[in-house]
Amino acid sequence: MKAIKYLLIGAMLMGVSTVSKAQDGTAADIALVKNLLASKPADLSKQLNTFYKKNKKNVPNLLAFGRECLNAEVFDEANKFAEYALAADKKSAAAFILLGDIAAVKEEDGGKAASNYEQAIYFDPENIDAYRKYANVYRKVDLNGAIAKLEELHSKKPEVAVDGMIGHLYYQSLKYSSAKDAYNKLKLPDYSRRDFVEHSYSLFKCKEYEDALRIIDAGLNKNPLNGTLTRLGLFCATELGKGSVARNYADVLFNKVSRDSITISGKDYLYYGRAFTVDSMFQQAVKQYQAGLDMNSDNKEDRQLMLKNISDAYKGMGNYPEAIKAYENYLAELENADVNDFAGTGQLWMQYARTFSEGSAEQKDANKKADEVFAQLIEKYPSQASLEYGYFQRARLNSLIDDDKQSQGLAKPHYEKLIELITTREPDTSKLTATDKRRLFSAYRFLMATYVNSKQVDVALPYAIKAREVAAPENYDAINEIVKKLGGQ
């Protein structure tokens with residue numbers, strides 16, 4: 001909470017001119033008040049009162065004292081000096097702004113703060129700070145009302161670039177699309193450092209990466225080592241698949257931007273790794289992902305993505321043992337792995353199997369590992385869809401593990417179970433999905449072939465007929481010929 005207050009105080013001090021433009025001879029008194037507040041004497045109120053007596057009619061000084069009190073979080077005294085200023089000048093817009101700032105920080109009361117800013121506007125209809133601060137505190141109460149107040153300012157002072165202010169309100173409210181639209185109306189010469197960051201981030205969130213890079217580069221032309229803009233450049237260029245461009249941003253972010261201005265995060269390493277991956281530079285990608293993991297970040301999502309990306313990178317290199325190992329680590333990090341997550345290990349073992357010679361012992365061993373995964377999947381995820389998927393994969397794998405003539409019948413029980421699951425769920429063939437039909441066709445065709453090989457034609461024929469019923473157009477003629485050869489119509 002204290003950190004939030006300091007941020008609010010800092011924001012409020014921006015644009016306030018009463019202190020810097022105080023009357024001649026006041027700088028010494030302001031410095032004394034600042035030192036007095038830092039020393040925190042027991043009779044602080046009494047000592048501050050001497051400065052009031054000396055400056056009863058000096059409104060700029062009274063407001064400067066009040067701001068020093070606000071900055072030191074001595075709120076009651078800050079409020080006193082604001083009231084003293086109003087006693088000296090009941091139309092002081094700056095005094096009402098100070099009261100609004102105190103309410104916003106001390107009481108976190110947006111309504112009370114807005115009321116004081118409204119008073120400031122009443123007495124000084126062209127006071128930009130009053131409009132801006134009103135909008136900033138009122139946006140939580142009524143965002144549209146806050147924006148209307150800024151548009152009111154623009155109607156009175158057309159030269160004021162309110163589009164950036166409006167964009168900032170939307171940005172603070174996490175309405176990135178609206179923020180982007182508001183900032184799009186702002187002319188580049190009118191951008192502040194904050195505008196460059198908030199506009200480009202809003203574009204990034206809206207996935208308008210090319211436009212984001214345009215704003216990022218314009219901002220970096222003014223401030224080449226802005227860490228936030230450089231980071232966004234890395235993110236956007238990576239999303240666009242511009243690997244070399246992304247790596248240039250990463251080089252600046254990691255090696256040139258001051259660590260005092262930005263802290264490298266796991267997400268930075270994640271994107272740096274991806275910047276290599278898009279150009280198939282997998283070894284370098286793994287190095288960055290691993291560096292991100294070595295940070296021991298508390299961000300679980302980033303850690304999970306890095307482990308998944310390490311697996312993908314090793315797969316890209318054709319190093320399936322390391323890909324599988326990384327994927328298993330990824331699964332271990334997931335608190336609620338779904339069936340697709342779990343199936344990923346089996347898919348990797350299947351892909352690994354394809355790298356070996358057809359029918360080799362190594363290929364069979366890899367397929368057996370995949371089959372073990374899908375057997376676990378069936379136990380772990382007993383939903384209808386998961387069971388059908390699991391048994392289909394087990395059937396295919398066991399067909400590969402068995403010999404050419406399927407003499408062991410390894411796939412048969414899995415295909416039979418698959419048929420039972422699908423046809424029980426949906427007996428009407430006309431209502432089956434394309435996936436259902438494709439799986440049933442594989443099952444029926446396999447069982448047909450199994451019984452043909454064992455010379456049980458009378459058993460094979462019904463399966464051939466059922467295969468024909470669910471065959472895709474490109475398979476129909478071939479299976480129809482088989483039906484006829486088996487004695488069917």
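The structure presented is a predicted model; accordingly, all values stated were derived computationally and were not measured.
Counting only N and O atoms by type, the side chains of Asp195 and His168 include no donor and acceptor under 3.5 Å apart. Checking Gln290 against Asp294 by side-chain atom types alone, a donor-acceptor pair falls below 3.5 Å. For the residue pair Asp428 / Ser430, a side-chain donor-acceptor distance below 3.5 Å is found, with atom types taken as modelled. Donor-acceptor pairing under 3.5 Å is recorded for the side chains of Tyr271 and Glu239.
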Legend entry - CA sep, side-chain torsions, deciding dist, call: Leu37, Lys34, side-chain contact (heavy atoms from CB on, under 4.5 Å): CA-CA 5 Å; Leu37 289 163; Lys34 186 174 184 177; 5.6 Å; no
Inset, instruction - Go through Leu150 and Leu169 one step at a time and tell me if the side-chain contact (heavy atoms from CB on, under 4.5 Å) criterion holds. - result: CA-CA 10 Å; Leu150 291 176; Leu169 293 186; 3.6 Å; yes
Inset, instruction - Kindly determine whether Leu203 and Tyr209 satisfy side-chain contact (heavy atoms from CB on, under 4.5 Å), including the steps that lead there. - result: CA-CA 7 Å; Leu203 287 164; Tyr209 305 121; over 6 Å; no
Inset, instruction - Dump the intermediate steps for side-chain contact (heavy atoms from CB on, under 4.5 Å) on Leu400 and Lys364, then the final yes or no. - result: CA-CA 7 Å; Leu400 293 170; Lys364 290 181 183 293; over 6 Å; no
Legend entry - Verdict with supporting geometry, Phe392 and Phe374, ring-ring contact (aromatic ring centres under 6.0 Å, His included): CA-CA 9 Å; Phe392 178 62; Phe374 290 109; 9.9 Å; no
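For the atom pair CE (Met165) and CD1 (Ile147), the distance works out to 13.0 Å, reported to the nearest 0.5 Å. Between the CZ atom in Phe254 and the OH atom in Tyr249 there is a gap of 15.5 Å [rounded to 0.5 Å]. To the nearest 0.5 Å, the span separating NZ on Lys242 from CG on Leu234 amounts to 14.0 Å. The NE2 atom of His414 lies 7.5 Å from the CD1 atom of Ile378; values are rounded to the nearest 0.5 Å. Atoms OG and CD, on Ser311 and Glu322 in that order, are 10.0 Å from each other to the nearest 0.5 Å. Remark: Thr277 OG1 to Phe282 CZ distance equals 6.5 Å, nearest 0.5 Å.
Counted within 6.0 Å of CD on Glu358, heavy atoms from surrounding residues, nucleotides or ligands total 12 or fewer; the atom is thus considered open. Taking a 6.0 Å sphere around CZ of Arg425, one finds it holds more than 12 heavy atoms contributed by other residues, nucleotides or ligands. Counting non-hydrogen atoms of neighbouring residues, nucleotides and ligands closer than 6.0 angstrom, the NZ atom of Lys369 reaches no more than 12 such neighbours. Within 6.0 Å of atom CG in Asn221, more than 12 heavy atoms from other residues, nucleotides or ligands are found, so the atom counts as buried in its surroundings. Within 6.0 Å of the CD atom in Glu362, the count of heavy atoms belonging to other residues, nucleotides or ligands exceeds 12.
The residues Asp436 and Lys431 are annotated as not salt-bridged, no charged nitrogen and carboxylate oxygen being separated by less than 4.0 angstrom. A salt bridge does not link Lys180 to Asp211: none of the charged nitrogens lies less than 4.0 Å from a carboxylate oxygen. With respect to the salt-bridge test (charged N to carboxylate O, under 4.0 angstrom), the residues Lys308 and Asp312 qualify. A salt bridge links Asp129 with Arg132; the closest basic N to acidic carboxylate O contact falls under 4.0 Å.
Side chain of Thr424 to backbone of Leu421: no donor-acceptor contact under 3.5 angstrom is found. In terms of modelled atom types and a separation under 3.5 Å, the side chain of Ser202 and the main chain of Glu198 share a donor-acceptor contact. Looking at Arg303, its side chain does come within 3.5 Å of a backbone N or O of Leu293 through a donor-acceptor pair. Asn453 places a side-chain N or O within donor-acceptor distance of the main-chain N or O of Ala449, the cut-off being under 3.5 Å.
Pairs of residues two or more places apart, or lying in two chains, that qualify as side chain to side chain donor-acceptor pair (under 3.5 Å) and include a residue from residues 222-234 are Arg231-Asp268.
Of all non-hydrogen atoms in Phe441 and Ala467, the two that sit nearest each other are CD1-O, 3.3 Å. Contact detail for Gly227 and Leu253: the closest heavy-atom pair is O-CD1, 3.8 Å. When all heavy atoms are compared, the tightest approach of Asp402 to Leu410 is OD2-N, 3.2 Å. Nearest heavy atoms, Cys236 versus Ala212: SG-CB, 3.6 Å. Taking all atoms of both residues into account, the shortest heavy-atom contact from Ala443 to Leu418 is CB-CD2, 4.5 Å. Closest of all the heavy-atom pairs between Leu377 and Gly390 is CD2-CA, 4.2 Å.
Proximity of Tyr117 to Ile97: side-chain heavy atoms (C-beta onward) are separated by under 4.5 Å at one or more points. The side-chain heavy atoms of Leu229 and Ser200, taken from C-beta on, include a pair separated by under 4.5 Å. Residues Leu143 and Lys175 meet the side-chain proximity criterion, which asks for heavy atoms closer than 4.5 Å. You'll find the side chain of Asn398 stays beyond 4.5 Å of the side chain of Gln408, heavy atoms only. Between Leu240 and Leu213 the shortest side-chain heavy-atom distance falls below 4.5 Å. With a 4.5 Å cut-off on side-chain heavy atoms, Phe196 and Leu188 count as touching. Side chains of Tyr415 and Ser442 form a contact here, defined as non-hydrogen atoms less than 4.5 Å apart. Arg247 places a side-chain heavy atom less than 4.5 Å from the side chain of Asp279.
Residues satisfying the salt bridge (charged side-chain N to carboxylate O under 4.0 Å, His left out) test with Lys149, not counting sequence neighbours, are Glu118, Glu152. Taking Gln304 as the reference, nothing meets the side chain to side chain donor-acceptor pair (under 3.5 Å) condition, with sequence neighbours excluded. The salt bridge (charged side-chain N to carboxylate O under 4.0 Å, His left out) search around Glu159 returns Lys157, not counting sequence neighbours.
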Exercise answer: donor-acceptor pairs, residues 347-356 side-chain atoms, under 3.5 Å, sequence neighbours excluded:
| from | atom 1 | to | atom 2 | distance (Å) |
| --- | --- | --- | --- | --- |
| Gln347 | NE2 | Tyr389 | OH | 2.7 |
| Thr355 | OG1 | Tyr352 | O | 2.5 |

Distance-only donor-acceptor pairs under 3.5 Å for side chains of residues 334-341, two or more places apart:
| from | atom 1 | to | atom 2 | distance (Å) |
| --- | --- | --- | --- | --- |
| Glu335 | OE2 | Lys300 | NZ | 2.5 |
| Asp338 | OD1 | Asn340 | N | 3.0 |
| Asp338 | OD1 | Asp341 | N | 2.8 |
| Asp341 | OD2 | Asp338 | N | 3.0 |

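Exactly one residue among Arg439, Lys417, Lys437, Gln384 makes a side chain to side chain contact (heavy atoms under 4.5 Å, CB included) with Ile422. That residue is Arg439.
Centroid-to-centroid, the aromatic rings of Tyr176 and Tyr171 come within less than 6.0 Å. Aromatic ring centres of Tyr330 and Tyr327 lie closer together than 6.0 Å.
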